[in-house]
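Working notes, structure below.
When a residue number appears, it is its place in the shown sequence, counting from 1. This one's a predicted model, so the numbers in the text were calculated from it and none came from an experiment.
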Amino acid sequence: MKNIEIPQGKRTKFYRFFEILPAFLSYGAIVLMVVLSIFSPFLASVYLILIIVTLLIKAIGVAYRTFGGYRKMNKALEVDWRARLDDLESPKQSYCDLKFSKQKVREKFEFQKHIENLKYISAEDNLIKPSQVVNAVIVAAYNEPYEVIRPTIESLIETDYSKENLMIFFAYEERGGKEIEKTAKKLQSEFSKKFKAFEIIKHPKDLPNEVIGKGGNITFAGRALQKYCEKNKIPFENVLVTTLDCDNKPHAKYFSAATYEFIIRKDRKHFSYQPISLFLNNIWDAPAPMRVLATGNSFWNLVVSMRPHLLRNFASHSQPLDALVEMDFWSTRTIVEDGHQFWRSYFHFDGKYSVVPIMVPIYQDAVLSETLPKTLKAQFVQLRRWMYGASDVPYVAQNIFSKSRTVPFWDGISKFYRLLEGHVSMVYQSVLAAFGGWIPLILNHQASRSLVAHQLPTTISVIQQFATVGLFIAIFVSLKMLPPKPDRYKKSRTIFMVLQWFLMPITSICYGSAAAAYSQTRLALGKYLDKFDVTQKGTVADIDRAKAAKKAKKARK
């Protein structure tokens with residue numbers, strides 16, 4: 001098998017150069033503003049205006065695609081994906097029945113494309129019928145309580161997809177302790193008859209060549225799934241594997257929609273399927289800063305779903321089992337196994353790999369701990385883990401700038417640039433947008449004589465006012481996406497859901513920029529993040545139950 005693993009131990013000088021590069025460019029962009037402010041306030045002003053204008057253009061694009069993604073998601077949710085799967089059972093007959101039909105307006109989402117798919121599939125030799133497809137769900141857990149995990153399993157029962165074709169592999173960590181093992185057995189006892197299979201897989205601790213992270217856990221479960229399919233003679237190419245965190249709740253139509261997209265593709269092995277991750281499960285309970293970040297992350301997932309060429313694996317996603325077996329599943333050497341899976345697949349399949357957006361959401365939790373200080377800290381820990389995706393920069397560079405390169409050069413260069421620019425801009429853009437306008441005036445007393453430098457703060461302020469149009473769109477869409485307000489909250493809570501957006505500049509710097517800088521600095525210094533810090537989530541009610549359980553346990557002692 002082709003070597004697509006992240007190197008361990010001492011890195012080569014080439015690899016170390018690209019590990020240092022993100023931090024060097026990120027800090028360099030800020031240092032450049034300082035240097036220009038000292039020696040040429042005019043050039044500093046031009047430099048900053050270019051950054052702010054770039055931010056403005058991005059903000060307008062994000063607002064436009066957020067609204068477009070929200071509308072497209074709603075249209076996709078109106079589709080009877082189960083009925084479309086039924087059409088695929090007999091595509092030739094369904095094509096004849098539907099090509100002249102007038103479908104209801106609410107069913108017109110890509111309906112013409114559906115008819116074309118039926119025609120195309122009718123002539124295919126490697127047709128897989130929906131009844132032959134098995135969806136295997138790997139639910140990853142560490143030490144989360146039963147009350148947090150059970151709703152996830154219940155959401156799988158509530159899906160409109162046939163439970164006779166749905167298997168659950170509950171993957172839990174040995175290092176999670178006895179309680180998670182009890183929870184796993186309890187869940188299996190309670191739900192085993194609801195699905196085609198319900199297997200519990202304990203991931204041993206301290207396995208060689210593994211960091212402490214989710215990748216090792218789901219890979220161990222994936223290998224167990226492989227053995228299960230071999231034993232029960234289930235063809236790997238007929239199995240679509242979805243990974244879920246134990247707080248994830250797929251929309252009832254997700255598996256039907258993902259199965260549909262899986263079937264209609266000819267070269268199925270070279271695709272994975274990405275739902276829209278919406279961090280809204282407990283959004284009413286989360287503190288305001290966490291709500292802003294969770295909603296912003298949800299928006300970003302809507303945005304990239306509208307740009308499939310930029311789409312990468314993130315959090316929960318689905319991929320065919322035959323591809324996973326061929327690649328030996330996920331990486332066990334990184335704490336960002338989801339995003340890294342894109343690059344792993346891209347290089348394994350010599351560039352012939354794409355991520356298909358599934359415009360159906362999987363709902364996840366915002367960060368929430370017992371106290372506000374703990375929640376604020378946990379949020380930073382989560383974001384620094386996400387930002388450690390910068391560790392993919394040297395991995396991608398090693399595979400592109402190589403004589404043994406197997407991917408198209410210009411396509412690889414384009415993807416590498418977007419990867420690097422995305423991580424670098426995360427550090428400096430918010431910081432310079434907030435404070436850059438004052439740097440020339442503070443560092444260079446002659447800047448006050450420069451009309452451009454003197455007017456810079458005012459100019460930046462005017463440009464930022466245009467960006468508020470995007471903010472209004474964000475507020476509108478966020479209110480539309482909110483789940484029903486829990487009865488424990490008054491109507492006034494909705495007002496705070498609007499006012500929270502005034503925190504966005506603060507959260508962008510204190511969390512976005514700071515977390516990215518932290519992760520890039522660790523990477524540059526060779527102090528690698530090799531432990532997946534589990535983020536506490538759930539609702540206020542879950543936390544109250546957990547506190548009560550702790551008190552009861554202490555009382556028994």
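- Between H317 and P275, the closest heavy-atom pair is CA-CD, 4.1 Å.
- You'll find the side chain of E158 stays beyond 4.5 Å of the side chain of H251, heavy atoms only.
- Under the 4.5 Å side-chain criterion, counting only non-hydrogen atoms from C-beta, P287 is not in contact with Q379.
- Side-chain N/O atoms of Y388 and R384 include no donor and acceptor closer than 3.5 Å.
- Ring planes of F279 and W386: tilted class, angle from 30 to 60°.
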Please assess T242 against Y273 for the test side chain to side chain donor-acceptor pair (under 3.5 Å), listing each intermediate value before the final yes or no. CA-CA 9 Å; T242 300; Y273 306 88; over 6 Å; no
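- Taking the six-membered ring for Trp and thresholds of 30 and 60 degrees, W343 and Y346 have ring planes more than 60 degrees apart, a perpendicular arrangement.
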H203 and Y172: ring pair (Phe, Tyr, Trp, His ring centres under 6.0 Å), yes or no, with the steps? CA-CA 6 Å; H203 176 225; Y172 68 99; 9.9 Å; no
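- Shown here for S430 and S513, the closest heavy-atom pair between the two residues is CB-OG, 3.5 Å.
- Listed for the K253 side chain is a donor-acceptor partner under 3.5 Å among the backbone atoms of V79.
- A donor-acceptor pair under 3.5 Å is formed between the side chain of N281 and the backbone N or O of D247.
- Between F299 and W501, the two ring planes are parallel [angle under 30°; tilted spans 30° to 60°].
- Side-chain atoms of W330 and D338, non-hydrogen and from C-beta on, never get closer than 4.5 Å to each other.
- Residues V477 and M481 are in side-chain contact: their nearest non-hydrogen atoms beyond the backbone lie under 4.5 Å apart.
- Classified by interplanar angle (parallel below 30°, tilted 30° to 60°, perpendicular above 60°), the ring pair F416/F18 is perpendicular.
- Using modelled atom types, one finds no donor on one side chain facing an acceptor on the other under 3.5 Å when comparing R291 with T295.
- Taking 4.5 Å as the limit, every side-chain heavy atom of L36 sits out of range of all side-chain heavy atoms of L48.
- Between the side chain of S316 and the backbone N or O of T243 there is at least one donor-acceptor pair closer than 3.5 Å.
- Side-chain contact between N313 and V355 is present, with at least one heavy-atom pair separated by less than 4.5 Å.
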